[in-house]
Amino acid sequence: MNLTKSSAAIQCFYRSFCHEITFMATSKFASVEKAPPIEVFALNNTYVDDIFPQKVNLGPGAYRTDEGKPWVLPVVRQMEQQLAADETLNKEYLPVLGYEPLASAATSMLLGSDSPSLKEGRATGIQCLSGTGALRVGAEFLARIGKHTVVYSSNPTWGNHSLVFLNAGFETYRSYRYWDAAKKALDFDGLMEDLRNAPANSVILLHACAHNPTGVDPTQDQWKQIADLIEERGLFPFFDSAYQGFASGDCDRDAWAVRYFDSRGFEMVCAQSFAKNFGLYNERVGNLTFVAKDRAVIEPVRSQITLLVRANYSNPPNHGARIVGTVLNNPALTEQWKGHIKTMADRIISMRHGLRERLEKMETPGTWNHITDQIGMFSFTGLGPLAVDKLIAEHHIYLLKGGRINMCGLNTNNIDYVAKCIHEVVTTTQEASL
Amino acid sequence: MALISSLKIFSPSTLTTAQNALSVSSRNSSWWSHVEMGPPDPILGVTEAFKRDTNPKKMNLGVGAYRDDNGKPFILPSVKMAEAEIEKKNMDKEYSPISGSPEFCKATINLALGEDNEWTKNGLNATVQGISGTGSLRIGTSFLSAFFPGNKDLYMPTPTWGNHVPLAKHAGLGVKQYRYYDPKTCGFDFHGALQDIAKIPERSMILLHACAHNPTGVDPKPEQWAEMSKVIKEKKLFPFFDMAYQGFASGDIDKDATPVRMFLKDGHQIALSQSYAKNMGLYGERAGAFSLICSSKEEAAATMSQLKIIIRPMYSNPPVTGARIATEILTNPSLRSQWLKDVKGMADRIISMRQLLRSNLAKEGSSRDWAHITDQIGMFCFTGMAPAQVEKLTKDFSVYLTKDGRISVAGITSKNVEYLAHAIHQVTK
């Protein structure tokens, strides 16, 4: 898949020039066309309006408890009460690059205490508007200052990646092969071949762990080979880390790939989100970690990013930053937080096992080991578009058309129903063979 | 060859020919060696210098954030009350809609246009939450850059807020100027403005500060706004209002919104950016909104959908804490009336500091005309001091302000206003 800027969502721009607009009589914006709805939100809206009592929402990526409810982490509630009672705090602007205790703790959490770049002062963090904001700031820096023009992401990838980079100033967005639909696993040979053919200086977007939407991550050996190739071809690695801790329950384990690249001496950036692992979805807490070969470039880079941020939103929001920054800088609170992550990760893993067991017990056609091989919030079920449509229309089970399900939407109350319905659609649907 | 030429761009000096001939397997220099230090932020520089100064009488009149009469940041009572109410509701942390909560957006546009305004009632507004004023401007300029059917030039008053120019350029718009401030009178250059506006090519965009012009504090009078509205309409220009100080300027939210409401009544379609940073003291919580007033419900829906497509690849959806506070205040009658008192209190304090500064300058025996100190409105005052005088003020009296002679009146208190008047008199007599 090869997108250029002109074929992205701003196509209406050209249409508006084709019409003659007379200002007095008609509106300036009469020619603006209604944009197509964004899939995950449209899906969610349909779910919300559905009155079927057994409906299940496996669409958007947010954690749910076994009762199907959102979960505000206890340590977060505690922090909010503490912050509210603290008379010394105010609502003054944060610095442009954010709340420093958050940025430094987030960067350390990602790179680990053994990080060579951290020890040598070659790594820095910038608070951003959650993962998306960090991706955007990183992408703008790479395009406008680094003059990179080509970016690659996996096929498939998170739905928003392409526009983030194109709107940031990249000219060309390409995909590297990733999901092998037949094997329901990583298409490693395809990935390597596509990266081998990438022009030098291309930015390569890598999911640090818990790949969205497939849940399939490279093995450590595969990561080593990817690193070799990126180095050999002069490509620039950009990690997207939205699930550190949330994937396996272990922050260090989930950061293995990023830390491996760091140990190899790569320059790279990494967008970090605290939406899932702190359950702070709507507070927009994120960090952009920047790793350089030379500590002398850190200050100039920070000063240029300052200009970018200022022209975009001036400075980031402080509420969520204070929560995360305080927790991560306090060992006891950090331990408490790690307990919460393990709770979430363990529940997801048990749902994975539960779903696989039920499908295998019913002898649902196909193989289902991928459900437990995959990791993180999402599973690429391998269900085709017809099966997906049936699940939604006939069984009121909501998932994305690519077959992605949010494991968090499963719980002990609905897992039997979901397994039964998957079995039903798989046995009654004839998909086009791939 | 492409590889080697790109090596030249990114790693100018350290690689040898032999290494050049190889593929880039051993990149031992940084991709970023070419990155230059960006220019230092002038306002930040003022604050840094202020912090280093050991003079006990030092004053920071640089940064535009409200301070109480003790020189301390001020958390509005209505904000504290709103936070207590919100805490009781035990709300979740689920993603906000891309455009922010509908309740927040409705309360915000109604604040600007009036509670019972015909535009909201008829569904003509497309309103989205933005990251305070800056973020809202950014969404608006991005939208205009993609969809405005006329000239992609945004005309700004001279001077304007320092960030307007880079922000608009960053979004892809051209930036041009119209006369605004008259340094001879320290007031509004009405005729200069009208002349320049009349010369703007048709179907361009014009940026207007709704009230409390930043940095000058100079606002057009209502009858001058009416003239400007006429010329802007005749020239078929598109007005983009930046309203960052509603309520904070005069103390009266309706009075401060007059130009916006006037233009709508005059039949303009407008864009509007709003901020709660100053008028609710929510600076770091980043609550604001961008609106387009369209000609039909369908158009509002279409433009809304495109605004969301701009926002999603920026940061997906906005932070809720500040927006929840604003919503609570605006929709809870007792909180709302408390807030109106709070914002009037801030505006009144600033107005009284202006009066005190002017009267103290007279007491000092200054023969200069300082009427503009009380004629101007809002957080900032363009004193009219020359750079050399500003430098002296800082060096000899530890009074910190920006080179253009702008002071943040919020930094003045009843305890330091005499000292300030004395200092200003000394450098200007």
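Naming: A, B, ... by sequence-line order, numbering from 1 per chain. Note that the coordinates shown come from a computational prediction; the quantities given were computed from them, not determined experimentally.
Heavy-atom distances place both the backbone and the side chain of T303(B) under 4.5 Å from chain A. For chain A, no part of E298(B) is nearby; none of its heavy atoms comes within less than 4.5 Å. Contact annotation for L89(A): only backbone heavy atoms (N, CA, C, O) come within less than 4.5 Å of a heavy atom of chain B. Using a 4.5 Å cut-off between heavy atoms, V165(B) does not touch chain A at all. For R122(A), no part lies under 4.5 angstrom from a heavy atom of chain B. Within the 4.5 angstrom heavy-atom criterion, only side-chain atoms of V72(A), from C-beta onward, approach chain B. The part of R64(A) that comes within reach of chain B is its side chain, from C-beta onward, which places non-hydrogen atoms under 4.5 angstrom from that chain. Neither the backbone nor the side chain of I139(B) comes within less than 4.5 Å of any heavy atom in chain A. Only the side chain of F290(A) comes within less than 4.5 Å of a heavy atom of chain B; its backbone N, CA, C and O stay farther away. Contact of P318(B) with chain A is made through the backbone alone, with heavy-atom distances under 4.5 Å. Of the two parts of P95(A), neither the backbone nor the side chain holds a non-hydrogen atom closer than 4.5 Å to a non-hydrogen atom of chain B. For L280(A), the parts lying under 4.5 angstrom from a heavy atom of chain B are both the backbone and the side chain. Both the backbone and the side chain of L282(B) come within contact range of chain A, with heavy atoms under 4.5 Å apart. With a 4.5 angstrom heavy-atom cutoff, L137(B) does not touch chain A via any of its atoms. Using a 4.5 Å cut-off between heavy atoms, S314(A) contacts chain B through both its backbone and its side chain. Of the atoms belonging to L144(B), it is side-chain heavy atoms, and not backbone ones, that fall under 4.5 Å from chain A. If you measure heavy-atom distances from R144(A) to chain B, the contacts under 4.5 Å come from the side chain alone. In this structure, no portion of F278(A) lies under 4.5 Å from any heavy atom of chain B. Contact of V76(A) with chain B is made through the side chain alone, with heavy-atom distances under 4.5 Å. Neither the backbone nor the side chain of A321(A) comes within less than 4.5 Å of any heavy atom of chain B. No part of M304(B) comes within reach of chain A, as not one of its non-hydrogen atoms sits under 4.5 angstrom from that chain.
Ring-centre distance between F266(A) and W31(B): not below the 6.0 Å cut-off.
A heavy-atom distance below 4.5 Å is found between the side chains of E283(A) and V320(B). With a 4.5 Å cut-off on side-chain heavy atoms, S303(A) and V35(B) do not count as touching. A heavy-atom distance below 4.5 Å is not found between the side chains of M314(B) and V164(A). The closest side-chain heavy-atom distance from E285(B) to Y93(A) is not below 4.5 Å. When side chains are defined from C-beta on, I131(B) does not count as touching R284(A), because their heavy atoms never get closer than 4.5 Å. Between T134(B) and N312(A), the closest side-chain pair of non-hydrogen atoms is not below 4.5 Å. Counting heavy atoms from C-beta outward, F41(A) and Y95(B) have side chains that stay 4.5 Å or more apart.
For the residue pair R286(B) and Y313(A), the shortest heavy atom distance occurs at NH2-O, 2.8 Å. The two residues Y281(A) and K93(B) make their nearest non-hydrogen contact at CB-O, 3.0 Å. Taking each heavy atom of R310(A) and N163(B) in turn, the nearest pair found is O-ND2, 2.8 Å. Here the closest non-hydrogen pair linking L167(B) and A311(A) is CG-O, 3.4 Å. Closest approach of W158(A) and S316(B) over heavy atoms only: CH2-OG, 3.9 Å. Smallest separation of non-hydrogen atoms from D92(B) and N282(A): O-ND2, 3.4 Å.
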List the steps and the verdict of side-chain contact (heavy atoms from CB on, under 4.5 Å) for L308(A) and H170(B). CA-CA 8 Å; L308(A) 289 175; H170(B) 191 91; 3.5 Å; yes
E140(A) and R138(B): salt bridge (charged side-chain N to carboxylate O under 4.0 Å, His left out), yes or no, with the steps? CA-CA 14 Å; E140(A) 288 210 4; R138(B) 178 76 175 92; 3.8 Å; yes
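When the candidates L94(A), I305(A), L129(A), I298(A) are compared by the number of heavy-atom contacts under 4.5 Å with chain B, L129(A) comes out ahead. For the set I98(B), V79(B), L292(B), T141(B), the count of heavy-atom pairs under 4.5 angstrom toward chain A peaks at I98(B). Chain B forms more heavy-atom pairs under 4.5 Å with one residue of T306(A), N90(A), N315(A) than with any other, namely N315(A). Taking chain B as the reference chain and counting heavy-atom pairs below 4.5 Å, the highest number among V285(A), N160(A), N44(A) is found for N160(A). Listed options R77(A), R302(A), E267(A), E299(A) were ranked by heavy-atom pairs under 4.5 angstrom with chain B; first place goes to E267(A). Annotation: maximal heavy-atom pairing with chain A below 4.5 Å, among E87(B), K169(B), E36(B), occurs at E36(B).
Residues passing the ring pair (Phe, Tyr, Trp, His ring centres under 6.0 Å) test with F143(B) are F29(A), F147(B), sequence neighbours excluded.
Between the CG atom in D294(A) and the CH2 atom in W32(B) there is a gap of 13.0 Å [rounded to 0.5 Å]. Note: I310(B) CD1 to L163(A) CG = 10.5 Å, rounded to the nearest 0.5 Å. In this structure, OG1 in T321(B) is found 11.0 Å from CZ in R322(A), a value given to the nearest 0.5 Å.
Between E92(A) and R67(B), at least one side-chain nitrogen of the basic residue sits less than 4.0 Å from a carboxylate oxygen of the acidic one, meeting the salt-bridge criterion. A salt bridge links E83(B) to K91(A): one of the charged nitrogens lies within less than 4.0 Å of a carboxylate oxygen.
Residue-level contacts of residues 132-139 of chain A with chain B, in order of numbering, are T132(A), G133(A), R136(A); threshold 4.5 Å between heavy atoms.
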